[in-house]
Amino acid sequence: MFKYIWMVREQYITATEDTLIQRPESQHVYKIGIYGWRKRCLYLFVLLLLIILLVNFALTIWILKVMWFSPTGMGHLHVTKDGLLLEGESEFLFPLYAKEIHSRVDSSLLLQSTQNVTVNAQNSEGEVMGRLRVGPKLVEFQNQQFQINSKEGKSLFTVDESEVVVGTDRLRVTGPEGALFEHSVETPLIRADPFQELRLESPTRSLSMDAPKGVHIKTRAGKIKALSQMDIIFHSSDGMLLLDAETVCLPKLVQGTQGPAGSSQRLYEMCACPDGKLYLSVAGAVTTCHENSHICL
């Protein structure tokens, strides 16, 4: 088999050498590649891309350096296992959403704005349920209830639509004008500071003190004074009015009808008119109080 293939190859070579095949002459020559102005434009475009790549790389390095990018965060902002740690002062141009914001143990938390600081609490539907707004002239709180607790969790101050509750043992008002109440006040005790006077005053209306088990007025180192433009009324519906003192003085009581002639004793008796007015009358052997006294008329 091999010998047969070799003989066929020799015959093919011999026939090829004796046969002259004239090839047609090529009229056009085509060159493969990019030449001329196309080549120059291509090189210019590649050079421009290289320059842009180098500029972008340099800008990226510059931004990383300026923004202080690091494996733990960016600048003063660090990513920790508990959340984000922000050191120093920072400025937020748009709203900040966070679940919890707290400062370091040894520093305070300061929220500052040129207009106002607003803190909103929203529900799952995006509705604002509570709002705290601190402005240059007003601190506004909007919610159903406002409550201040102590470190132990005790309620110190609570405000809602129906009432205001002060949970401390003592409410102290240090203003020079005291406390102003437009309506009624319910309290078991009103007391002034030591060596300071206590004044209950109603400039334009009446002052009333009611208690289911009585009203107790006491002063340890001073006197009790009641001043009124009109009447002072002590009324007891089931009991008596007791004036228990060593001396009871009524210096401005007028003197009523003179006693009987010849009475020179400097003793007087206190008389009462049917309408409750009091007056003095010179004492005698019998009462000298007369219903027809000119004081009672």
Shared ILVMFWY cluster between Phe141 and Val166, side chains joined below 4.5 angstrom? yes
Sub-4.5 Å side-chain heavy-atom contact between Thr158 and Gln145: yes
Residues 103-126 vs ring-ring contact (aromatic ring centres under 6.0 Å, His included), sequence neighbours excluded, gives none
Take a 6.0 Å sphere around CD of Gln115 and say whether it holds more than 12 heavy atoms from other residues, nucleotides or ligands. no
Results of salt bridge (Lys or Arg N to Asp or Glu O under 4.0 Å) for Arg205 - residues two or more places apart only: none
Report the hydrophobic cluster partners of Val248, with the cluster defined as I, L, V, M, F, W, Y residues connected by side-chain heavy atoms closer than 4.5 angstrom, directly or transitively. Leu243
Can you tell which of Val165, Asn149, Leu171, Val164 makes a side-chain contact (heavy atoms from CB on, under 4.5 Å) with Phe157? Val164
Remaining members of the apolar cluster that contains Leu49, side-chain heavy atoms under 4.5 Å: Phe45
Residue list, side chain to side chain donor-acceptor pair (under 3.5 Å) with Ser162, at least two apart or on another chain: Asp160
Which side-chain N or O atoms in residues 223-234 pair as donor and acceptor under 3.5 Å with protein atoms at least two apart or in another chain?
residue	atom	partner	partner atom	Å
Ser228	OG	Met230	N	3.2
Ser228	OG	Asp231	O	3.4

Do the non-hydrogen side-chain atoms of Gln142 and Arg133 ever get within less than 4.5 Å of each other? no
In residues 55-65, what donor-acceptor pairs under 3.5 Å come from side-chain atoms, sequence neighbours left out?
residue	atom	partner	partner atom	Å
Asn56	ND2	Ile52	O	3.3
Thr60	OG1	Asn56	O	2.7

Going by the rule side chain to side chain donor-acceptor pair (under 3.5 Å), which residues pair with Glu201 if we only count those two or more places apart in sequence or in a different chain? Arg199
Where Leu278 and Ala272 come nearest, the two heavy atoms and their spacing: CD2-CB, 3.8 Å
Linking I/L/V/M/F/W/Y whenever their side-chain heavy atoms sit closer than 4.5 Å, directly or via other members, would Leu132 and Val128 fall into one cluster? no
Other ILVMFWY residues reachable from Leu242 by side-chain steps of under 4.5 Å: none
Inspect the surroundings of OH in Tyr43 and state if more than 12 heavy atoms from other residues, nucleotides or ligands are less than 6.0 Å away. no
For the atom pair NE2 (His216) and CG (Leu189), what is the distance rounded to the nearest 0.5 Å? 10.0 Å
Side chain to side chain contact (heavy atoms under 4.5 Å, CB included) with Ser150: which residues, sequence neighbours excluded? Glu152, Lys154, Leu156
Just to verify, what does Arg131 make a side chain to side chain donor-acceptor pair (under 3.5 Å) with, not counting sequence neighbours? Asn120
Considering residues at least two apart in sequence or located in another chain, which fulfil the side chain to side chain donor-acceptor pair (under 3.5 Å) criterion with Thr219? none
In the structure I gave you, are the side-chain heavy atoms of Met209 and Ile217 within less than 4.5 Å of one another anywhere? yes
